[in-house]
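Every heavy atom of this structure was used, including side-chain atoms; hydrogens, water molecules and symmetry mates were not. Residue numbering restarts at 1 for every chain, and letters A, B, ... go by the order of the sequence lines.
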Protein chains: 2
Amino acid sequence: MLPEHIPVTGGTVSELPPVEHRQGECQAIAPIFARIGDKWSMLVILILATGPRRFNELKRAVSGISQRMLTLTLRGLERDGLVSRTVFPTIPPRVDYELTPLGHSMREPVIQLGDWASSHLAEIKRAREAFDSRDAE
Amino acid sequence: MLPEHIPVTGGTVSELPPVEHRQGECQAIAPIFARIGDKWSMLVILILATGPRRFNELKRAVSGISQRMLTLTLRGLERDGLVSRTVFPTIPPRVDYELTPLGHSMREPVIQLGDWASSHLAEIKRAREAFDSRDAE
DNA sequence: CCGAATCCACCACGATACTG
DNA sequence: CAGTATCGTGGTGGATTCGG
């Protein structure tokens, strides 16, 4: 399903696919990106990629998220069919969240992005500082 | 970079890395995700992955984006060292945007996510409709 | 322990108009 | 063509409280 990626080596710019190819695509995937590309969704997916978790486990793992945003984020992911919610009517109550097959199919792309982010953290930090000090003139 | 150096815990048999491993990571990558995971950044990266573009080319390609948000998005990506901005002092003026080496390194993860999104568009749509009709009771 | 609900500040974002 | 400026608004997201 994944199209062969453009070879980087020795390629000229003209060998890149025309914009139009992506252009139509953009129309379609923009809403998806706008949805999963919020502040928390991908982090939650990233955590759930390690296995099912309870609500407060998630809250602890995704440090900094508020209870409300975690609820809303999970609700959104559930709506999109990426996460399933299982309630155990015990006392105390217990709710497990885990990736659905669809959510599971998203694991690899998200993990890759996460890996990219953590590998290039320092570079980005430096770029920011350089930019900020440069425009402070 | 992931599963290799993860120490084996107790007797549990799991291919998945423990949460704790991701947990510390999350702290660090949350800001990055919050940054690139806004409404437009990844789409712009996706377009620029096909080669350098001028401002209005981008505006047309990323359908639906306002002039203001494109400017802000590009400025943010530039600040993060992902995109470079080249001004040609001609008349009419011309400004080219293209991926930096750092931005280039992000191409593959973003393209993968884009591919994932476009492949599962229909599934997500169906999941949403199912969810919405189910909670409309 | 899990999560819904309310209140509220802020800023993300879009629309529009204006400049070099 | 490539922005900047300004303003208005809806939504995001935090703090807190309540319920099951």
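Counting only heavy atoms from C-beta on, A/Asn56 has its side chain closest to C/dC2 among C/dC2, D/dA2, D/dC1. In the set C/dC1, C/dG3, D/dC1, the nucleotide with an atom closest to the side chain of B/Pro92 is D/dC1. Considering only side-chain atoms of A/Trp40, the nucleotide from C/dG14, D/dG14, D/dG3 that sits closest is D/dG14.
Going from atom CG of B/Leu72 over to atom P of D/dT4 covers 8 Å, rounded to whole Å. Whole-Å rounding puts the A/Arg60 CZ to C/dC1 P distance at 8 Å. The distance from atom CD of A/Gln67 to atom P of C/dC1 is 11 Å, rounded to the nearest whole Å. Going from atom CG of A/Asp38 over to atom P of C/dC11 covers 18 Å, rounded to whole Å. The distance between atom CZ of B/Arg68 and atom C1' of D/dC7, rounded to the nearest whole Å, is 10 Å. Here the C1' atom of nucleotide D/dG11 and the NZ atom of A/Lys39 are 14 Å apart, to the nearest Å. Atom CD in A/Glu78 sits about 16 Å away from atom P in C/dC2, given to the nearest Å. Whole-Å rounding puts the B/Ile91 CD1 to D/dC1 C1' distance at 11 Å.
Among the heavy atoms of the strands lying under 4.0 Å from A/Tyr97 are primed sugar atoms or P, OP1, OP2 only; no base atom is included.
Distances shown here put a side-chain N or O of B/Arg75 below 4.0 Å from the OP1 or OP2 atom of D/dT4. For C/dC2, the OP1/OP2 oxygens have a side-chain nitrogen or oxygen of A/Arg54 closer than 4.0 Å.
Counting heavy atoms from C-beta on, the side chains of A/Leu77 and A/Arg35 come closer than 4.5 Å. The shortest side-chain heavy-atom distance between A/Leu58 and A/Leu74 falls under the 4.5 Å cut-off.
Note that CE of B/Met42 is 6.0 Å distant from CG of A/Leu113, once rounded to the nearest 0.5 Å.
Within the structure, side chain to side chain donor-acceptor pair (under 3.5 Å) pairs that include any residue of residues 81-93 of chain B comprise B/Arg85-B/Tyr97 (at least two apart or interchain).
Using a cutoff of 4.0 Å between basic side-chain nitrogens and carboxylate oxygens, B/Asp80 and A/Arg128 are scored as salt-bridged.
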